[in-house]
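Both counts, for ligands and for their atoms, begin at 1 and track the order of listing.
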Amino acid sequence: MEVVGLDNLSGGFRRNLAATIPVCIGDIRDPSFLESVWSDHGPFDYVYHFAAYAAEGLSHHLRCFNYETNLVGSARLINASIHHRVRHFVFASSIAVYGAGQLPLTEETTPHPEDPYGVAKYAVELDLASAATVFGLRHTIFRPHNVYGERQHIGDRYRNVVGIFLNQCLRGEPMSILGDGMQTRSFTYIGDIAASIARAPLVEGAVNQTFNIGTDQPTRILDLANRIAHAVGIEPRIRHFPARPEVIHAVAEHSKFHRVFGVAESTPLATGIDRMARWARELGPCDPSHFGKLELAQNLPLIWK
Ligand SMILES: NC(=O)c1ccc[n+]([C@@H]2O[C@H](COP(=O)([O-])OP(=O)(O)OC[C@H]3O[C@@H](n4cnc5c(N)ncnc54)[C@H](O)[C@@H]3O)[C@@H](O)[C@H]2O)c1
């Protein structure tokens, strides 16, 4: 495939993209920018939509920004894709659509998102179903979880716990854990899922379908912290903060994905973390970013004050 990148660089970096591909710097919320992408580089057969501000916990405090970026921005891209007769639209949703208390998370489970980020992702999923019915826009929706790996933004203090812990280790700070650290997540190495996502438009069984995607292996946050310290080569230092309202165990089921896409790679956590730590040590520590003015400061977890 010939690829054109699109990013507003709010959370991404030009250095992460191959120097050989054209990159359009602009915002999916801006319809005239999207038109210029098509007029300068189109037509496009496939659109892969990953653009989002993916800070789930912070989305309570950024309700409007979350919906403008993650929902209205997506709707703009869907409009442009319909208008320009894109053949297949791939969307990165999230297991955040499920909400709490529905384990294990399967695609048959009725989503019940509990935060604005999950609400926006689920709304886009429903919008894509509607666009398929009315305009015939073929799509595939992936619901990834806890993705990590080289080139991830490690300087965003509101999301990506692997990156946050790595950055804290590199900065000589203790790793911050919300609650007792016994909550579990299934950390997914990016290299295990990227190729399947790219292949989706060519996979017949994936048309207008939704898939959980990621590893099956749950890890306690406390164990993750110890593993990361080990990969960086330091003794683990941990500082506990009060727990925030969040899903305690997130266990997604992937049999539908395996049925349609076949068996995917499953990089052991230790291997993936070692790779990412090696890359992060070369990159060096980042200044943890602050979002700026929040829409709602009430009930902000202590860790973000
Ligand atoms: N990382 C995960 O664990 C995870 C899990 C589930 C779903 N997702 C979804 O996968 C996608 C990619 O996530 P990621 O972790 O790689 O995040 P990321 O921040 O690295 O990538 C998102 C990119 O979108 C860009 N962007 C943000 N707002 C934009 C806008 N208005 N216009 C244009 N570009 C914009 C950012 O600059 C960034 O490069 C997101 O949609 C996210 O919601 C990620």
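With a 6.0 Å cutoff to the six-membered ring centre and a 45° limit on the axis angle, R159 does not count as a cation-pi contact of Y117.
Heavy-atom separations between R143 and ligand 1 are all 4.0 Å or longer. K121 counts as a contact of ligand 1, since one of its heavy atoms falls under 4.0 Å from the ligand. At least one heavy atom of Y117 sits closer than 4.0 Å to an atom of ligand 1. Distances from ligand 1 to the non-hydrogen atoms of S10 include at least one value under 4.0 Å.
Atom CZ in R185 sits 15.0 Å away from atom CD in Q217 (nearest 0.5 Å). Here the straight-line distance linking atom CG of D216 with atom NE2 of H254 works out to 5.5 Å at 0.5 Å rounding. To the nearest 0.5 Å, atoms CG (L224) and CZ (F187) are separated by 4.5 Å.
Within a 4.0 Å radius of atom 24 (O) of ligand 1, the protein contributes one or more non-hydrogen atoms. Distance check for atom 42 (C) of ligand 1: a protein heavy atom is found below 4.0 Å.
With hydrogens left out, the protein atom closest to atom 10 (O) of ligand 1 is A92 CB, 3.5 Å, a heavy atom. Of all protein heavy atoms, the one lying nearest to atom 32 (N) of ligand 1 is I28 N, 3.0 Å. Looking at atom 14 (P) of ligand 1, its nearest protein heavy atom turns out to be R159 NH1, 4.6 Å. With respect to atom 34 (N) of ligand 1, the closest heavy atom belonging to the protein is N8 N, 3.2 Å.
Applying the side chain to side chain donor-acceptor pair (under 3.5 Å) definition to pairs two or more places apart or across chains, those involving residues 36-53 are H49-S74, Y53-D156. Among pairs with a residue in residues 290-305, those fulfilling side chain to side chain donor-acceptor pair (under 3.5 Å) read R157-H290, at least two apart in sequence or across chains.
Looking at ligand 1, you won't find any N or O of Y53 less than 3.5 Å from one of its N or O atoms. For the pair P144 and ligand 1, the shortest N or O to N or O distance does not fall below 3.5 Å. The shortest N or O to N or O distance between G11 and ligand 1 is under 3.5 Å. For ligand 1, the polar-atom distance check against F50 finds a nitrogen or oxygen pair separated by under 3.5 Å.
Aromatic rings of F165 and Y148 (six-membered ring for Trp) have centroids beyond the 6.0 Å cut-off, not under it.
Counting the atoms of ligand 1 from 1 in the order shown, those under 4.0 Å from a heavy atom of G26 are 32 (N), 33 (C). Residue contact check: N146 has heavy atoms under 4.0 Å from atoms 3 (O) of ligand 1. Annotation for ligand 1: atoms under 4.0 Å from non-hydrogen atoms of A54 are 42 (C), 43 (O).
Only backbone heavy atoms of L9 (N, CA, C or O) come within less than 4.0 Å of ligand 1; its side chain stays farther off. Only side-chain heavy atoms of T69 come within less than 4.0 Å of ligand 1; its backbone N, CA, C and O stay farther off. When heavy-atom distances to ligand 1 are checked against a 4.0 Å cut-off, S93 comes that close only through its backbone atoms N, CA, C and O. Neither the backbone nor the side chain of H153 comes within contact range of ligand 1; no heavy atom lies under 4.0 Å.
For the 3.5 Å distance criterion, the side chains of H139 and E125 fail to qualify, holding no donor opposite an acceptor. For the residue pair E253 and S255, a side-chain donor N or O sits within less than 3.5 Å of a side-chain acceptor on the partner. Residues E107 and Y98 have side chains that never bring a donor and an acceptor to within less than 3.5 angstrom of each other.
Atom CZ of R85 is surrounded by 12 or fewer heavy atoms from other residues, nucleotides or ligands within 6.0 Å.
For the pair S59 (side chain) and N66 (backbone), a donor-acceptor distance under 3.5 Å is absent. The backbone N or O of S176 sits less than 3.5 Å from a side-chain atom of Q168, completing a donor-acceptor pair.
Considering each of D7, V147, D27, the one bringing a non-hydrogen atom nearest atom 1 (N) of ligand 1 is V147.
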